[in-house]
Amino acid sequence: MKKYIFMYIPLLLVCSCQVNNTERFYCSQFMSYLQEMKIDVSDTEYYYAVHMQGCNTCISSSIAFINDLPSTIKERMLVLFVGDYIGNDIECFKSIEILKNEISYIEDSHQKIFNYQTGFAYPLFIKIKNGKCKMYEEMVNEKYSDTKLLQKLE
(Lines give C-alpha, C1' and ligand atoms only; values in the text may rest on other atoms or scores of the structure.)
Protein backbone atom coordinates (compact mmCIF):
# COMPACT_ATOMS: atom_id res chain seq x y z
CA MET A 1 0.00 0.00 0.00
CA LYS A 2 2.86 2.38 0.81
CA LYS A 3 4.26 1.85 -2.69
CA TYR A 4 1.04 3.13 -4.22
CA ILE A 5 0.96 6.19 -2.02
CA PHE A 6 4.53 7.09 -2.97
CA MET A 7 3.68 6.59 -6.65
CA TYR A 8 0.75 9.01 -6.48
CA ILE A 9 2.64 11.85 -4.81
CA PRO A 10 4.84 12.62 -7.86
CA LEU A 11 1.78 12.32 -10.10
CA LEU A 12 -0.09 14.89 -8.01
CA LEU A 13 2.90 17.22 -8.10
CA VAL A 14 3.13 16.99 -11.88
CA CYS A 15 -0.61 17.63 -12.28
CA SER A 16 -0.54 20.64 -9.98
CA CYS A 17 2.38 22.12 -11.93
CA GLN A 18 0.39 21.79 -15.15
CA VAL A 19 -2.46 23.85 -13.73
CA ASN A 20 -0.02 26.60 -12.70
CA ASN A 21 1.62 26.56 -16.14
CA THR A 22 -1.78 26.89 -17.80
CA GLU A 23 -2.73 29.81 -15.57
CA ARG A 24 0.63 31.47 -16.23
CA PHE A 25 0.13 31.03 -19.97
CA TYR A 26 -3.37 32.55 -19.82
CA CYS A 27 -2.06 35.41 -17.67
CA SER A 28 0.76 36.17 -20.10
CA GLN A 29 -1.72 36.14 -22.97
CA PHE A 30 -4.03 38.44 -21.02
CA MET A 31 -1.12 40.80 -20.34
CA SER A 32 -0.40 40.87 -24.10
CA TYR A 33 -4.06 41.70 -24.69
CA LEU A 34 -3.85 44.57 -22.21
CA GLN A 35 -0.79 45.90 -24.02
CA GLU A 36 -2.64 45.85 -27.34
CA MET A 37 -5.54 47.70 -25.70
CA LYS A 38 -2.99 50.24 -24.37
CA ILE A 39 -3.87 49.53 -20.73
CA ASP A 40 -1.13 50.19 -18.21
CA VAL A 41 -1.17 47.42 -15.59
CA SER A 42 0.41 49.72 -12.99
CA ASP A 43 -2.79 51.81 -12.96
CA THR A 44 -5.20 49.02 -12.07
CA GLU A 45 -5.11 45.98 -9.81
CA TYR A 46 -8.32 44.15 -10.75
CA TYR A 47 -9.77 43.33 -14.16
CA TYR A 48 -13.15 41.86 -14.92
CA ALA A 49 -13.92 40.77 -18.48
CA VAL A 50 -17.55 40.25 -19.48
CA HIS A 51 -18.69 39.00 -22.87
CA MET A 52 -21.59 41.28 -23.74
CA GLN A 53 -22.91 38.87 -26.33
CA GLY A 54 -23.28 36.13 -23.73
CA CYS A 55 -26.55 35.12 -22.16
CA ASN A 56 -28.54 37.67 -20.18
CA THR A 57 -28.18 35.55 -17.04
CA CYS A 58 -24.37 35.65 -17.26
CA ILE A 59 -24.38 39.39 -17.87
CA SER A 60 -26.86 40.05 -15.06
CA SER A 61 -24.87 37.86 -12.66
CA SER A 62 -21.71 39.75 -13.57
CA ILE A 63 -23.35 43.12 -12.99
CA ALA A 64 -24.74 42.00 -9.63
CA PHE A 65 -21.30 40.63 -8.66
CA ILE A 66 -19.59 43.92 -9.54
CA ASN A 67 -22.23 45.93 -7.68
CA ASP A 68 -21.73 43.77 -4.58
CA LEU A 69 -17.95 44.19 -4.52
CA PRO A 70 -16.54 46.42 -1.80
CA SER A 71 -15.83 49.95 -3.00
CA THR A 72 -12.13 49.49 -2.19
CA ILE A 73 -11.95 46.83 -4.90
CA LYS A 74 -14.18 48.67 -7.39
CA GLU A 75 -11.92 51.73 -7.14
CA ARG A 76 -8.95 49.63 -8.30
CA MET A 77 -10.85 47.67 -10.97
CA LEU A 78 -11.26 48.03 -14.71
CA VAL A 79 -14.19 46.26 -16.34
CA LEU A 80 -13.68 45.06 -19.89
CA PHE A 81 -16.94 44.93 -21.82
CA VAL A 82 -16.17 42.57 -24.70
CA GLY A 83 -18.45 42.94 -27.71
CA ASP A 84 -21.64 44.94 -27.91
CA TYR A 85 -24.80 44.04 -26.02
CA ILE A 86 -27.21 42.45 -28.48
CA GLY A 87 -29.80 41.18 -26.00
CA ASN A 88 -33.35 42.42 -25.82
CA ASP A 89 -33.70 42.53 -22.02
CA ILE A 90 -34.34 46.21 -21.22
CA GLU A 91 -33.61 45.74 -17.49
CA CYS A 92 -30.26 44.15 -18.26
CA PHE A 93 -29.42 46.97 -20.66
CA LYS A 94 -30.37 49.59 -18.06
CA SER A 95 -28.22 47.84 -15.44
CA ILE A 96 -25.24 47.93 -17.79
CA GLU A 97 -25.69 51.64 -18.45
CA ILE A 98 -26.05 52.46 -14.74
CA LEU A 99 -22.95 50.42 -13.93
CA LYS A 100 -20.92 52.26 -16.58
CA ASN A 101 -21.53 55.49 -14.66
CA GLU A 102 -20.14 53.99 -11.47
CA ILE A 103 -16.97 52.17 -12.55
CA SER A 104 -13.91 52.43 -14.77
CA TYR A 105 -14.36 50.44 -17.95
CA ILE A 106 -13.32 50.04 -21.54
CA GLU A 107 -15.27 48.60 -24.42
CA ASP A 108 -13.66 46.01 -26.63
CA SER A 109 -16.25 46.23 -29.40
CA HIS A 110 -13.99 44.39 -31.83
CA GLN A 111 -13.53 41.53 -29.32
CA LYS A 112 -9.74 41.62 -29.57
CA ILE A 113 -9.48 39.43 -26.48
CA PHE A 114 -10.33 36.47 -28.71
CA ASN A 115 -7.08 37.02 -30.64
CA TYR A 116 -5.30 35.78 -27.53
CA GLN A 117 -5.48 32.47 -25.73
CA THR A 118 -6.87 33.72 -22.45
CA GLY A 119 -9.35 30.95 -21.67
CA PHE A 120 -12.13 33.53 -21.95
CA ALA A 121 -15.30 31.45 -22.08
CA TYR A 122 -16.97 32.75 -18.91
CA PRO A 123 -16.52 36.13 -17.28
CA LEU A 124 -12.95 36.44 -16.00
CA PHE A 125 -11.73 38.03 -12.80
CA ILE A 126 -8.01 38.80 -12.79
CA LYS A 127 -5.86 40.32 -10.08
CA ILE A 128 -2.52 41.79 -11.17
CA LYS A 129 -0.17 43.19 -8.56
CA ASN A 130 3.27 44.64 -9.27
CA GLY A 131 2.98 43.53 -12.88
CA LYS A 132 2.35 39.88 -11.93
CA CYS A 133 -0.82 37.87 -12.15
CA LYS A 134 -1.96 36.90 -8.64
CA MET A 135 -5.37 35.46 -9.46
CA TYR A 136 -7.08 34.28 -12.65
CA GLU A 137 -10.63 33.02 -12.10
CA GLU A 138 -13.36 32.02 -14.51
CA MET A 139 -16.59 33.18 -12.96
CA VAL A 140 -18.92 30.24 -13.39
CA ASN A 141 -22.21 30.44 -11.47
CA GLU A 142 -21.03 29.00 -8.16
CA LYS A 143 -18.10 31.45 -7.98
CA TYR A 144 -20.40 34.47 -7.59
CA SER A 145 -21.38 33.36 -4.09
CA ASP A 146 -18.00 31.90 -3.12
CA THR A 147 -16.83 33.67 0.05
CA LYS A 148 -13.32 32.23 -0.37
CA LEU A 149 -13.04 34.06 -3.69
CA LEU A 150 -13.82 37.38 -2.05
CA GLN A 151 -11.19 36.69 0.60
CA LYS A 152 -8.59 36.08 -2.11
CA LEU A 153 -9.34 39.45 -3.64
CA GLU A 154 -7.94 41.47 -0.78
Using modelled atom types only, decide if a donor and an acceptor are shared between the side chain of [X] and the backbone of [Y] within a distance under 3.5 Å.
| X | Y | result |
| --- | --- | --- |
| Ser28 | Phe25 | yes |
| Asn56 | Gly87 | no |
| Asp89 | Glu91 | yes |

Taking atom [atom1] of [X] and atom [atom2] of [Y], what is their separation to the nearest 0.5 Å?
| X | Y | atom1 | atom2 | answer |
| --- | --- | --- | --- | --- |
| Gln29 | Ile113 | CD | CD1 | 10.5 Å |
| Lys127 | Lys132 | NZ | NZ | 14.5 Å |
| Cys27 | Met31 | SG | CE | 8.0 Å |
| Ile63 | Cys92 | CD1 | SG | 4.5 Å |
| Met37 | Tyr116 | CE | OH | 9.5 Å |
| Arg76 | Ser71 | CZ | OG | 10.0 Å |

Among residues at least two apart in sequence or on other chains, which ones pass side-chain hydrogen bond (donor to acceptor under 3.5 Å, both in side chains) with Tyr136?
none
State plainly whether one hydrophobic cluster holds both Leu78 and Ile98, where clusters connect Ile, Leu, Val, Met, Phe, Trp and Tyr through side-chain heavy atoms under 4.5 angstrom apart.
no
Any non-hydrogen side-chain atom of [X] less than 4.5 Å from a side-chain atom of [Y]?
| X | Y | result |
| --- | --- | --- |
| Val79 | Met77 | yes |
| Phe65 | Pro123 | no |
| Ile128 | Leu34 | yes |
| Leu80 | Phe30 | yes |
| Tyr122 | Met139 | no |
| Phe125 | Tyr47 | no |
| Tyr46 | Ile126 | no |
| Ile86 | Met52 | no |

Answer with yes or no whether the side chains of Asp108 and Tyr33 bring together a donor and an acceptor at under 3.5 Å.
yes
Start with the C-alpha distance between Leu124 and Tyr26, add both sets of side-chain angles, then the distance that settles side-chain contact (heavy atoms from CB on, under 4.5 Å), and finish with yes or no.
CA-CA 11 Å; Leu124 284 176; Tyr26 285 159; over 6 Å; no
Classify the ring geometry of His51 against Phe114: parallel below 30°, tilted from 30° to 60°, perpendicular beyond 60°.
perpendicular
Considering residues, nucleotides and ligands other than Asn88, do more than 12 of their heavy atoms fall under 6.0 Å from its CG?
no
If a pair satisfies salt bridge (Lys or Arg N to Asp or Glu O under 4.0 Å) and one of its residues is in residues 63-75, list it, with sequence neighbours excluded.
none
Table please: side-chain donor-acceptor pairs of residues 99-107 below 3.5 Å, with sequence neighbours left out.
unit_1: Lys100; atom_1: NZ; unit_2: Glu107; atom_2: OE2; d: 2.5
unit_1: Asn101; atom_1: ND2; unit_2: Glu97; atom_2: O; d: 3.4

